[in-house]
Amino acid sequence: MLIYNTLIRTKEEFKPITEGRIHIYVCGPTVYDYSHIGHAKTYVAFDTIVRYLRWRGNSVRYVQNVTDVGHLLDTGEDRILKGASRERVEPMEIVEKYARAYFEDMDALGVQRPDISPRASAHVPEQIEMIQTLIKNENAYESNGSVYFDVTSHKDYGKLSGRKIEDLEEGTREDVREEKRHPLDFALWKKAAPEHILRWNSPWGVGFPGWHIECSAMSSKYLGETFDIHGGGIDNIFPHNECEIAQSEAAHGKPFANYWLLTGSLTIDGVKMSKSLGNFVTIKDVLKKFRPHAIRFFVLSGHYRSPIDFSDEALEAASKGWERLAAPALAVKQKLNSPLNAGEADSGIVKAIHDARTNFISAMDDDFNTATALATLFDFNKVTNTLLNSGEAITRGTLEAIDAFYNETGAGVLGVIPNQISSSVNAEREAGLIQLLIEQRAAARVRKDFAASDSIRNHVEGLVMREA
RNA sequence: GGCGACGUAGCCAAGUGGUAAGGCAGAGCUCUGCAAAAGCUCCAUUCGGCGGUUCAAAUCCGCCCGUCGCCUCCA
C-alpha cells in the first residue's frame, strides 16, 4: 500500500510500526460553533481511510481530539469565551453544545466515531507535565507566567511545512512581544488575564495551555511517543502541525508521527470559506438540501489531497451521480426481498465480482484513490444492470454475492451505498406489498387499463424513492 | 514578499514515461401504450502556453501565463 507522506512529499510504501496494528491521530475541531462543510470533507476523508485500513484486516486505533480550551483570536479574545458571552452561557455549555452538534453532524454523514475523542480540557495535567519536560530539556522557558517553546533549540523546526526560521522572521506580522526571546517562539502555557474564565493552576501560576500542546500530549498518551499516521487539514500544516512535531520530538527525543496525511481544503464557489465573507456553510445547512450519501459521494469523487470547490450545482451533479451509483445495489437488495430460485452464484458473476474487487483494492492501495475506487463500482454496475435487465431467472446465490460486494466496498468502506434498504422492521412486508402493486400494474397493462397502470406506477415510485 | 499546490472534454475528476478511467450534461438507437429506468453507440488525435530531454511525455526539465491555499485562528 502506498501513502503520500507530506513529511517527505512523496508516496512511499506504508509500514506500520507493528504489523497489522495502526495508530492514527487526526486533529479535531474546536467546538465553538456549528461544523461547516470543510469539516465534512476532512472527516469523511479520514473516516474512509480508517474504514479501508480496517477492511484490509488491520486493527486501528483512531484518536481525534476535541479542542475545548479555546485559543486566542487576533483581537485577544478567546473563541470559546467569545461564544459564551455571545450566547450568555458558561463556556462549558458552549463546548458541550457544539461538541454534541459536531458528533450529530458526523453521525448523519455516516462518519464512524473515533475510538477515543479526548478533550483538551480533560488533559491539562498531561500538558503541564509535557511542558515541564520541555523546560527541563531546555527547549522551553518561562517568562512572566507564560511558557514559550524556543524554536531555535530544535533544529528540525520547519521540516514539515518547508519553512526556515530565517525566512519567517522577516514576514512575521505578529507584534513581537517582549516576553518572547524569538518572535517565532510559540506559547505552551499562557498566563490568564483576570477576565479569562477558562483557567487552571500550574507551576507557573494560573493560566491555560497553548494551542499546539494538547495534540502532542494526547497523542502520546493514547498512541505512544511515536505512532503511524498523523492526519489533518493542510491549512494546519503551519504553524500547528509544525509546532506539534517540534514539541513532541523535543520532549521525547524520538520521531513523532511516521506518516503525515493532510487533506486539501474546500472552497465555496471558488473562494475560501470565512465568516467575514458570509459564505460560511454549515453541515446542517447542506443536509437540509442533500442526502448524506450524496455529500460523501461528492467528497470522495475527488482525491483527499486535492482541494474541492463546493457549490449547489456541484452537489446537484453529485446527487445525480450518486443515484446512478447506488441504484443497482438498491435494486439487488429489493429483489432479495422477493421469492427467488435457490442456487449457487453464477460463475461469470463471481469472476466479475472478483475483478471488480481487485480493481477497487488497487485503487485504494494507491494513496486512497477514492475517485478511481468509485469508478470501479460504476464499471461493476454495468454488470449488475445488465443482469437485472436480462429478464432471465437469477438465483439467490448470485444476488447475495453481488449484494455482499456492494456491502463491503460501497457501503462498508466508502459509505456511499446504504447497506440495507430500509431500517424498518417491516421491510420484508413492505417489499411484499410493493411487489403486489407491481403485479397489479402489470395486470392492468395487460388489459390496457393505462389509467390504473400509471396511477399505480406513480404511487410505487413515490414509495420506493422514500425507501431508498 | 516567502512557502506550497494546481491548471486534463461544456462541467466535475482519475491518470506522474508507453499512447487519455469514471461521473454530470448532450446526441442517436434498442426496449415501451406513453414514459422512466436500463442497455448499446457517439461525445478530448489531446492534457494552460512555448521550448527541451526521450524510440516514446498529460506525465521528466526550463521559461511564461493563470487559479488557489498557507505564512494570523482555521479541518
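Convention: sequence-line order gives letters A, B, ...; per-chain numbering from 1.
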Do A:His240 and A:Glu244 have a side chain donor and acceptor closer than 3.5 Å? yes
With heavy atoms under 4.0 Å as the rule, sort A:Gly302 into base, sugar-phosphate or nothing. sugar-phosphate
Are the ring of A:Phe450 and the base ring of B:G33 both nearer than 5.5 Å at their centres and tilted by less than 30°? yes
Taking only side-chain nitrogens and oxygens of A:Arg324, does any of them come within less than 4.0 Å of OP1 or OP2 of B:A38? yes
Around atom CD of A:Glu392, are there more than 12 heavy atoms from other residues, nucleotides or ligands closer than 6.0 Å? no
Contact class for A:Thr376 vs. all strands (heavy atom < 4.0 Å): base, sugar-phosphate, or nothing? nothing
Can you tell me which nucleotide in B:G39, B:C70, B:G4 comes closest to the side chain of A:Arg9? B:G4
Going by ring pair (Phe, Tyr, Trp, His ring centres under 6.0 Å), A:His230 matches just one of A:Phe256, A:Phe46, A:Tyr259. Which one? A:Phe256
Between A:Arg441 and A:Glu316, name the one whose nearest nucleotide on RNA chain B is closer to the 5' end. A:Glu316
With a 4.0 Å cut-off on heavy atoms, is A:Thr263 in touch with a base, just the backbone sugar-phosphate, or nothing at all? nothing
Would you mind classifying the nucleic acid contact of A:Gly231 as base, sugar-phosphate or nothing, using non-hydrogen atoms under 4.0 angstrom? nothing
Would one find a side-chain N or O of A:Arg163 under 4.0 angstrom from OP1 or OP2 of B:C71? no
Short side-chain N/O contact from A:Asn369 to OP1 or OP2 of B:G15, under 4.0 Å: yes
OP1 or OP2 of B:G39 less than 4.0 angstrom from a side-chain nitrogen or oxygen of A:Asn385, does that happen here? yes
Less than 3.5 Å between a donor and an acceptor, one on the side chain of A:Ser453 and one on the base of B:G33, is that the case here? yes
Need one value for A:Leu388: base, sugar-phosphate or nothing, where a base atom within 4.0 Å counts as base even if backbone is also close, heavy atoms only. nothing
Residue mapping more 5' on RNA chain B - nearest nucleotide basis, A:Tyr4 or A:Lys41: A:Tyr4
Between the base of B:C6 and the side chain of A:Arg305, is there any donor-acceptor pair under 3.5 Å? no
Any base atoms under 4.0 Å from A:Tyr43, or only sugar-phosphate, or nothing? Heavy atoms, all strands. sugar-phosphate
Which is true for A:His303 with a 4.0 Å heavy-atom rule: it touches a base, it touches only sugar-phosphate, or it touches nothing? sugar-phosphate
Would you please confirm or rule out a distance under 4.0 Å between OP1 or OP2 of B:A14 and any side-chain N or O of A:Ser306? yes
Go through the N and O atoms of the side chain of A:Asp454 and the base of B:G33, and report whether any donor-acceptor pair is under 3.5 Å. yes
Please pick, from B:A75, B:A14, B:G33, the nucleotide with the shortest atom-to-atom distance to any side-chain atom of A:Ser265. B:A75
Can you confirm whether or not the ring centre of A:Tyr32 sits under 6.0 Å from the ring centre of A:Tyr98? no
Parallel, tilted or perpendicular for A:His39 and A:Tyr102, by the 30°/60° rule? perpendicular
Checking B:A75, B:A21, B:A38 against the side chain of A:Asn389 (C-beta onward), the nearest is B:A38
Using the ring of each side chain (for Trp, its six-membered ring), is A:Phe227 parallel, tilted or perpendicular to A:Tyr25, with breaks at 30° and 60°? tilted
Per the atom types in the model, does the base of B:A14 pair as donor or acceptor with the side chain of A:Thr372 at under 3.5 Å? no
Do A:Arg457 and B:A35 have a side chain to base donor-acceptor pair shorter than 3.5 Å? yes
